[in-house]
Amino acid sequence: LSFIQTPKVENKKVPGPNEKEFALLRDKFLELESSKNYIDKRNGLLCLILSMTAFRVSEALSLNIEDIDFEKSILSITRKGKRLNQEFYIGKKLLSKIKNFLIFDKRIEGPLFINQDKVKAVNNRLSRVSAYRIIKSIGDSIGIENLHPHKFRHFSATEAKEANKGNIHETIKFTGHITPEQMGRY
């Protein structure tokens, strides 16, 4: 039976938010960031990180506070396909937003994004399902249908490609793709 192969399934293109939608999202992120509620601040920061870094949702959710080098503005992440740690420069603005979130949160270690479980009183890492629900809810609140975490990756990858003047190899370094064919979907 070794001659039987699974059929090749074409990946459909998933466009990221357009410029008008992203302007609405940016305003929503700022609203969430300025809230006095932990959950709002967490949700806003999660969306901001996803939209500015081209991280997969699993990569963003796996971040620990200890993975942040505040002196160099670098996050240490484990990329999906490479299975090794990669240093990712995040810039002073995003670093400042992370610092402000951590000052509000008053934690110095552990997962960057935690699920607030009132019943168990335990701070566990936020799950992919929860992140999906959060982002869908944010999209619904501002009139963007079917917003999900991977749309931010598409938006950020497209922006990176434009910023690199179409240079696929430089864009791949930013997004963490392994091959140019994977990047072709964007």
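When reading the values below, keep in mind they use all heavy atoms of this one structure, side chains included, and skip hydrogens, waters and symmetry mates.
Residues forming a side-chain contact (heavy atoms from CB on, under 4.5 Å) with Arg26 (at least two apart in sequence, or on another chain): Ala23. Not counting sequence neighbours, Tyr132 has no partner by the ring-ring contact (aromatic ring centres under 6.0 Å, His included) test. With sequence neighbours left out, the side-chain contact (heavy atoms from CB on, under 4.5 Å) criterion links Ser35 to Asn37, Asp40. For Glu31, the side chain to side chain donor-acceptor pair (under 3.5 Å) partners two or more places apart in sequence, or in a different chain, are Lys28. Partners of Phe113 according to the ring-ring contact (aromatic ring centres under 6.0 Å, His included) rule, which considers only residues two or more places apart in sequence or in another chain, do not exist here. The salt bridge (charged side-chain N to carboxylate O under 4.0 Å, His left out) search around Glu87 returns none, not counting sequence neighbours. With sequence neighbours excluded, the residues that form a salt bridge (charged side-chain N to carboxylate O under 4.0 Å, His left out) with Asp105 are Arg107. When the side chain to side chain donor-acceptor pair (under 3.5 Å) test is applied to Ser141, no partner is found at least two apart in sequence or on another chain. When the salt bridge (charged side-chain N to carboxylate O under 4.0 Å, His left out) test is applied to Lys41, no partner is found at least two apart in sequence or on another chain. Residues satisfying the side chain to side chain donor-acceptor pair (under 3.5 Å) criterion with Asn64, sequence neighbours excluded, are Arg125. Residues passing the salt bridge (charged side-chain N to carboxylate O under 4.0 Å, His left out) test with Asp140, sequence neighbours excluded: Lys136. With sequence neighbours excluded, no residue forms a side chain to side chain donor-acceptor pair (under 3.5 Å) with Asp27.
The two atoms that bring Val57 and Ala131 nearest to each other are CG2-CB, 3.8 Å, heavy atoms only. Between Phe29 and Ser51 the shortest heavy-atom distance is CE1-OG, 3.8 Å. Across all non-hydrogen atoms, the minimal contact from Leu94 to Thr53 is CD2-CG2, 4.0 Å. The nearest pair of heavy atoms linking Ile90 to Ile74 is CG1-N, 4.5 Å. In terms of heavy-atom proximity, Leu147 sits nearest to Gly139 at CD2-CA, 3.7 Å.
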For this session: Begin from the C-alpha positions of Cys47 and Ile135 and carry the test side-chain contact (heavy atoms from CB on, under 4.5 Å) through to its verdict.
Result: CA-CA 7 Å; Cys47 291; Ile135 292 170; 3.8 Å; yes
Problem set entry | Pair Ile65-Ile108, side-chain contact (heavy atoms from CB on, under 4.5 Å): steps then yes or no | CA-CA 7 Å; Ile65 296 169; Ile108 57 171; 5.5 Å; no
Problem set entry | Evaluation steps, side-chain contact (heavy atoms from CB on, under 4.5 Å), between Ile134 and Leu126 | CA-CA 11 Å; Ile134 289 165; Leu126 191 65; 3.9 Å; yes
For this session: Any chance you could lay out the ring pair (Phe, Tyr, Trp, His ring centres under 6.0 Å) test for Phe55 and Phe88, step after step, and finish with the verdict?
Result: CA-CA 10 Å; Phe55 288 173; Phe88 189 92; 4.8 Å; yes
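A distance of 9.0 Å separates CD in Gln86 from OG in Ser76, rounded to the nearest 0.5 Å. Expressed to the nearest 0.5 Å, how far CD1 of Ile39 lies from CG of Leu32 amounts to 11.5 Å. Atom NZ of Lys36 is separated from atom CZ of Phe104 by 7.5 Å, given to the nearest 0.5 angstrom. One distance of note links OG of Ser62 with CG of Asp67; it measures 7.5 Å at 0.5 Å rounding. Rounding to the nearest 0.5 Å places CZ of Arg133 at 13.0 Å from CZ of Arg128.
Remark: the backbone N or O of Gly110 is paired with a side-chain donor or acceptor of Glu66 at under 3.5 angstrom. With hydrogens and angles disregarded, no donor-acceptor distance shorter than 3.5 Å links the side chain of Ser96 to the backbone of Lys92. Looking only at distances, a side-chain donor or acceptor of Ser34 sits under 3.5 Å from a matching main-chain atom of Leu30.
Two residues are said to be in side-chain contact when any heavy atoms from C-beta on lie closer than 4.5 Å; Asp69 and Leu75 fail this criterion. Contact of the Leu61 side chain with the Ser127 side chain is not registered, since no non-hydrogen atoms from C-beta on lie closer than 4.5 Å. In this structure the side chain of Leu25 reaches within 4.5 angstrom of the side chain of Ile144, judged on heavy atoms. Between Ile49 and Ile98, the closest side-chain pair of non-hydrogen atoms falls below 4.5 Å.
Side-chain heavy atoms closer than 4.5 Å link hydrophobic residues (I, L, V, M, F, W, Y) into clusters, and following such links, possibly through other members, connects Ile77 to Phe70. Leu48 and Tyr38 end up in the same hydrophobic cluster when Ile, Leu, Val, Met, Phe, Trp and Tyr side chains are linked at under 4.5 Å.
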